[in-house]
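To start, the structure itself, in structure tokens.
Position 1 is the first residue of the sequence; numbering continues from there. Just so you know, ligand 1 is whichever comes first in the structure, and atom 1 is the first atom listed for that ligand.
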Amino acid sequence: MKILLYNPDNGVTRNFMPHLWMFLLQALTPPGHEVILVDGNARAMTEEELVRFVRREGVGLVGIGAMTRMVARAYRFADALRAAGVPVVMGGPHVTECPDEALGRSGGPRHADAVALGEADETWPLIVEDAARGELKEVYEPERDAKGLDKKPSLRPYPTIPWETLDLDQFSLVPGFLRPLLSRFGAGWGQFHVVPVETGRGCPYGCEFCTVTGFFGDSIRFRTNESVVEELLRLKARARRERGQVAVFFIDDNLAINVKRTKSLLRDIIEAGAQLPWVAQISANLLRDEELVDLIHASGGRWVFIGMESVDPANMADVNKNFSKPSEYGAVLERLARRDIYAITSFIFGMDNDTPGVADRTLREIESWPPGLPVFGQLTPFPATPLYERLEKAGRLERPTHWLDFAPFVMAHAPLKMTIEQARAETRRAWELSYSPERNRRAVESIAERHIVYRISHLVARLFFRGIYFPQMTRRAWLRLLAENRRTIFSLAREGFGTWRRSRRARAPEVAHAPAASWGAD
Ligand code: B12
Ligand code: SF4
């Protein structure tokens, strides 16, 4: 049987990084079946085009995965496929939290023939075999233990994802026309892939707005160090072979949740020479440890995603995230910046203690820190979270099924001290000011003493991150953005060219050997 795994596009960004679930399920598919992957973010298709594709390929089963944010879109694709007679199974966080909605048992239309609840590592092979026999059941869920809780996959052993042979062309961040030219530079930039790798699952912290503790459980499971190192070595070999670059996104919710184990993993990566540039999510409280931060640097860590949420401790207490202290954020970022590690700092507006002016207050703090990539969202009650239950009980949900009429940056409930409209305006202001050409210039200049490679990567990252809020999917939008930032771009280009010429003359290619080598395929 031919199986299509499909991820709907998010409507905002393009092919930033493939979704791990597709590769994982592909690797877990029993032999004798062929699996095709289509990510709508990399390969945009309408419902009709997807149906035509499925017919042309003779696909017998479609698996669709979606977060809450994309689920309405996922349902539209599922509806079109089912109308064409193709069975659809849905999985992922949203349908796990709202299975009745997908199966049409909550008063609305039915969208899926079957749903896979929770982690599907063990149920996926059963789903495939049932579908091949034409005996798909409606609900697949993990086995239960004696206490009635889901039995979680151990991650030992962990399936081998054959990154070295997979066709990743749709996910390269380098536009096709630039590939031949860029593959000649330094360590080679003919391809650039950001690849998701997990080293563990689960988070015990239970922040009020988060689905992770409910979905993956509070018991944490890790892959073996050997299995992670082996995967990195294969990725590194691929980058070298293609004269391209690979960066890794460790998608664990908190890579340093068990500091002892993280240090041992990072040491093993260093010892095996498996360093690739990487980014990971780590909470601020775990970044007090100097030795950990040294190891992050030495093992290839370049960017750390920190869920800072708010600069107001009262808000942090409200959402059960007191363990993360706003008063420490500056020191944590300084500690990282001393090792040329920068942070993606994530904030949530619309918490109950927020008032108008929250954007300016937050930006004042941010500007007193080393430069980073701030991102701003709004407090969103995802189904099955403690936040959802609290707001529902208090009768505060204005759009209890906000995902079915998804509206970007429009809250589903009013915070206590500001309106939904004010929260929207604060969010817009924060994005506008944080990624203005002036702010981009100042951010790059604030690290003027660092190697040019860090400043270039900082600017490039800033241009991409702006696109999370302001859609930047056309060539025209990009040209405008480049023109607006021309001052900073020209000044870096001039300096970069000078550095490159000097290093060529000295026959000691500084750009390729210094920090650039740490980007990977050295
Ligand atoms: C990586 C990641 C991202 C990446 C996504 C890109 C990418 N290519 O992966 C980035 C950083 C861009 C991102 C952004 C966001 N994310 Co995010 N992200 C994650 C994260 C950390 C890892 C996802 C992952 O790969 N997990 C590992 C895989 C193995 O698990 P899985 O995807 O759940 O898949 C398993 C099962 O669910 C199941 N399954 C999944 N799909 C399917 C499909 C079928 C057919 C079947 C049978 C089974 C199945 O099988 C898999 C194996 O067991 C998760 C948290 C987490 N730990 O999962 C949050 C998470 C998915 N993100 C979340 C959110 C809210 C967001 C944002 C909306 C945040 C924001 N406010 O902006 C944005 C959305 C951005 C956008 N416009 O797309 C929430 C989603 C909650 C929900 N109910 O929807 C999560 C769960 C985190 C949380 N705090 O609650 N995210
Ligand atoms: S927000 Fe992060 S730290 Fe908090 S429960 Fe979710 S994954 Fe854990």
Say whether Met22 and ligand 1 are in contact under the criterion: heavy-atom distance to a ligand atom below 4.0 Å.
-> no
For atom 6 (C) of ligand 1, what's the nearest protein heavy atom and its distance?
-> His19 CE1, 3.7 Å
Without hydrogens or angle criteria, can the side chains of Ser227 and Arg156 be said to hold a donor-acceptor pair below 3.5 Å?
-> no
Quick one: does ligand 1 sit under 4.0 Å from the side chain of Ala120, the backbone, both or neither, non-hydrogen atoms only?
-> both
Do Lys2 side-chain atoms and Glu57 backbone N/O form a donor-acceptor pair below 3.5 Å?
-> yes
Do me a favour and list the nearest non-hydrogen protein atom to atom 26 (N) of ligand 1 with residue, atom name and distance?
-> Ile251 CD1, 3.6 Å
If you measure from each heavy atom of Gly377 to ligand 1, is any distance below 4.0 Å?
-> no
Which ligand 1 atoms does Asn10 reach within 4.0 Å, using its non-hydrogen atoms?
-> 76 (C), 77 (N), 78 (O)
Does the Trp431 side chain pair with the main chain of Tyr469, one donor and one acceptor, at a distance under 3.5 Å?
-> no
Does Leu25 have a heavy atom less than 4.0 Å from any atom of ligand 1?
-> yes
Counting distance only, does the side-chain N/O of Arg82 pair as donor-acceptor with the main-chain N or O of Val88 below 3.5 Å?
-> no
Close-contact set for ligand 1 against Thr68 heavy atoms, below 4.0 Å = 82 (C), 83 (N), 84 (O)
Ion pair Glu231/Arg223, N-O distance below 4.0 Å | yes
Any protein heavy atom nearer than 4.0 Å to atom 70 (C) of ligand 1 | no
Heavy-atom protein neighbour under 4.0 angstrom from atom 28 (C) of ligand 1 | no
Within less than 4.0 angstrom of ligand 1, does Ser346 place any heavy atom?
-> no
Per-atom contact, atom 39 (N) of ligand 1, protein heavy atoms, under 4.0 angstrom = yes
Please determine if Arg462 forms a cation-pi arrangement with Tyr435, meaning its NZ or CZ atom is less than 6.0 Å from the six-membered ring centre and no more than 45° off the ring axis.
-> yes
Protein contact to atom 86 (C) of ligand 1 [nearest heavy atom, distance to 0.1 Å] | Thr211 OG1, 3.3 Å
Which is it for Pro18 and ligand 1 at heavy atoms under 4.0 Å: side chain, backbone, both or neither?
-> backbone
Under-4.0 Å protein heavy-atom contact, atom 23 (C) of ligand 1 | no
If we only count N/O pairs under 3.5 Å, is Leu20 in contact with ligand 1?
-> no
Can you find a protein heavy atom under 4.0 Å from atom 59 (C) of ligand 1?
-> no
Output yes when Glu389 and Lys393 qualify as a salt bridge under the 4.0 Å nitrogen-oxygen rule, no when they do not.
-> no
Quick one: look up the protein heavy atom nearest atom 56 (C) of ligand 1 and list residue, atom name and how far away it is.
-> Phe216 CE1, 3.4 Å
Could you establish whether Met70 and ligand 1 come within less than 4.0 Å of each other, counting only heavy atoms on the residue side?
-> yes
Does any N or O atom in His94 lie less than 3.5 angstrom from one in ligand 1, N or O only?
-> no
Within the structure, does at least one protein heavy atom fall under 4.0 Å of atom 1 (C) of ligand 1?
-> yes
Return yes when Phe305 approaches ligand 1 closer than 4.0 angstrom through a heavy atom, no otherwise.
-> no
One finds that the ligand 1 atoms under 4.0 Å from a non-hydrogen atom of Gly63 are 45 (C)
Mark yes when over 12 heavy atoms from residues, nucleotides or ligands other than Arg399 sit less than 6.0 Å from its CZ; otherwise mark no.
-> yes
Does Met90, backbone or side chain, put an N or O under 3.5 Å from an N or O of ligand 1?
-> no
Is any side-chain heavy atom of Val71 closer than 4.5 Å to a side-chain heavy atom of Phe406?
-> no
If you scan protein heavy atoms around atom 55 (C) of ligand 1, the nearest is Asp253 OD1, 3.3 Å
Side-chain donor-acceptor pair present, Tyr158, Thr224, cut-off under 3.5 Å | no
Pair Arg424 + Glu421: basic N to acidic O under 4.0 Å | yes
Part of Ile64 with heavy atoms under 4.0 Å of ligand 1, whether side chain, backbone, both or neither | backbone
Would Pro196 count as a contact of ligand 1 if the rule is a heavy atom under 4.0 Å away?
-> no
Without hydrogens or angle criteria, can the side chains of Asp312 and Ser310 be said to hold a donor-acceptor pair below 3.5 Å?
-> no
Taken in chain and number order and not counting sequence neighbours, the residues that satisfy side chain to side chain contact (heavy atoms under 4.5 Å, CB included) with Pro196 are Met17, Pro18, Leu20, Trp163, Ile251
Checking Arg466 side chain against Gln472 main chain: does a donor-acceptor pair fall under 3.5 Å?
-> no
Identity of the nearest option to atom 32 (O) of ligand 1, non-hydrogen atoms only, from Phe23, Trp21, Phe376 = Trp21
With a cut-off of 2.8 Å, how many protein N, O or S atoms neighbour atom 8 (Fe) of ligand 2?
-> 1
Arg105 CZ to Glu138 CD distance, which is reported to the nearest 0.5 Å = 4.5 Å
Kindly indicate whether atom 73 (C) of ligand 1 is approached by any protein heavy atom to under 4.0 angstrom.
-> no
Could you verify whether a donor N or O on one side chain and an acceptor N or O on the other, from Asp130 and Tyr140, lie under 3.5 Å apart?
-> yes
Side-chain donor or acceptor of Thr385 paired with backbone N/O of Pro381 under 3.5 Å | no
Proximity flag Phe215 to ligand 1, non-hydrogen atoms under 4.0 Å | yes
Is there at least one protein heavy-atom neighbour under 4.0 Å from atom 10 (C) of ligand 1?
-> no
Hey, are the side chains of Val195 and Leu276 touching, using non-hydrogen atoms and a 4.5 Å cut-off?
-> no
Considering only heavy atoms from C-beta outward, does the side chain of Arg201 approach that of Lys152 to under 4.5 Å?
-> no
Ile306 CD1 to Ile282 CD1 distance, which is reported to the nearest 0.5 Å = 8.0 Å
Short side-chain to backbone donor-acceptor contact, Asn41 and Asn10, under 3.5 Å = yes
How about Phe249 and Phe305: are their ring centres within less than 6.0 Å of each other?
-> no
For atom 53 (O) of ligand 1, find the nearest protein heavy atom and state the residue, atom name and distance (0.1 Å precision).
-> Asp121 OD1, 2.5 Å
Count the heavy atoms of every other residue, nucleotide or ligand shown that sit under 6.0 Å from CZ of Arg55, and state whether that count exceeds 12.
-> no
Give the residue and atom name of whichever protein heavy atom lies nearest to atom 68 (C) of ligand 1, and the separation in Å to one decimal.
-> Arg69 CD, 3.9 Å
Atom 62 (N) of ligand 1: the protein heavy-atom neighbour that sits closest, reported with distance to 0.1 Å = Met67 SD, 3.7 Å
